[in-house]
Number of protein chains: 2
Amino acid sequence: MFGYTVMRTVTQVMEFDPTRPKWTQIADVIRQRIASGEYPVNRLISETQLEQEFGVARGTVRKVKTALQEEGLIVTTRGMGSFVAKR
Amino acid sequence: MFGYTVMRTVTQVMEFDPTRPKWTQIADVIRQRIASGEYPVNRLISETQLEQEFGVARGTVRKVKTALQEEGLIVTTRGMGSFVAKR
DNA sequence: CTTTATTTGTCCGTATGTATG
DNA sequence: ACATACATACGGACAAATAAA
């Protein structure tokens with residue numbers, strides 16, 4: 001008896017490989033999420049969200065986004081955000 | 001004679017401690033105002049108002065608000081504003 | 001119903017300073 | 001010297017939600 005429930009808050013933090021730039025590793029993760037369907041078409045990918053999730057600065061996030069834009073994986077509209085592109 | 005009245009407009013500007021980020025100092029002020037009751041529950045705290053009062057850019061104000069939101073001190077709704085939360 | 005104003009959300013570009021590899 | 005990365009800060013633009021006229 002005296003059963004109880006422990007609410008454990010696990011903050012999932014990305015493990016970075018110190019031998020490669022963070023922005024390339026984050027880009028890899030996003031690519032994988034798009035490929036797997038975890039991020040469906042038109043899903044919003046916002047800068048602040050990425051900053052918080054990966055615990056990096058804006059400049060780093062923007063590097064990720066620039067790369068994904070050039071690959072055509074995301075489409076960005078000012079005032080709206082960045083979204084997973086249709087393939 | 002020839003008495004007259006001078007209307008002197010004194011613009012009260014916050015004095016910032018250059019050794020600490022502006023946004024933390026502004027957040028301190030807001031927290032204090034909420035605690036003291038100067039900002040009662042449901043009082044609107046708008047971004048433009050804070051910009052003008054403290055003479056800072058919007059991004060700085062938004063950082064303050066993000067912090068206060070995470071602390072549960074204010075509740076924000078797009079199109080309406082940020083309000084002092086019920087405790 | 002339409003228009004306007006207010007307010008927040010998001011993105012863009014830039015800049016300074018610090019620190020590390 | 002250079003690239004990466006963080007933190008702070010400014011100012012601007014456009015989009016979307018809400019409320020008021």
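Labels below follow one simple rule: chain letters A, B, ... track the order of the sequence lines, proteins then strands, and each chain is numbered from 1. Predicted model, so just to flag it, every value in this text is computed and none were measured.
- In this entry the distance linking CG of B/L50 with P of C/dT7 reads 11 Å, nearest Å.
- Straight-line distance from the CZ atom of B/F54 to the C1' atom of D/dA9: 16 Å, rounded to whole Å.
- Spacing between atom NZ of A/K63 and atom C1' of D/dA5 amounts to 8 Å, rounded to whole angstrom units.
- For the side chain to side chain contact (heavy atoms under 4.5 Å, CB included) criterion with A/L73, the lone passing option out of A/I45, A/I34, A/I30 is A/I34.
- Considering all non-hydrogen atoms of both residues, B/V75 and B/A85 come closest at CG2-CB, 3.7 Å.
- If you check the side chains of A/K22 and A/T60, you find no donor sitting under 3.5 Å from an acceptor.
- Between the P atom of D/dT4 and the CD atom of A/Q25 lies a distance of 13 Å, rounded to the nearest Å.
- Atom CG of A/D17 is separated from atom P of D/dT4 by 15 Å (rounded to the nearest Å).
- Of the possible polar contacts, none joining the A/E47 side chain to the A/V61 backbone as a donor-acceptor pair under 3.5 Å is found.
- Distances were taken from every side-chain heavy atom of B/W23 (C-beta onward) to each of D/dT8, D/dC10, D/dC6; the shortest belongs to D/dT8.
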When you check every protein heavy atom under 4.0 Å of nucleotides 11-21 of chain C, what one-letter string (B, S, -) results, 5' to 3'? SBBB-------

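- Under a 4.0 Å N-O distance rule, the pair B/E53/B/R33 qualifies as a salt bridge.
- When both pairing distances are held under 3.5 Å, D/dG11 makes a Watson-Crick or G-U pair with C/dC12.
- Between B/F83 and B/N42, the shortest heavy-atom distance links the atoms CD2-O, 3.3 Å.
- As rounded to whole Å, 9 Å separates atom P of C/dT8 from atom CD1 of B/I74.
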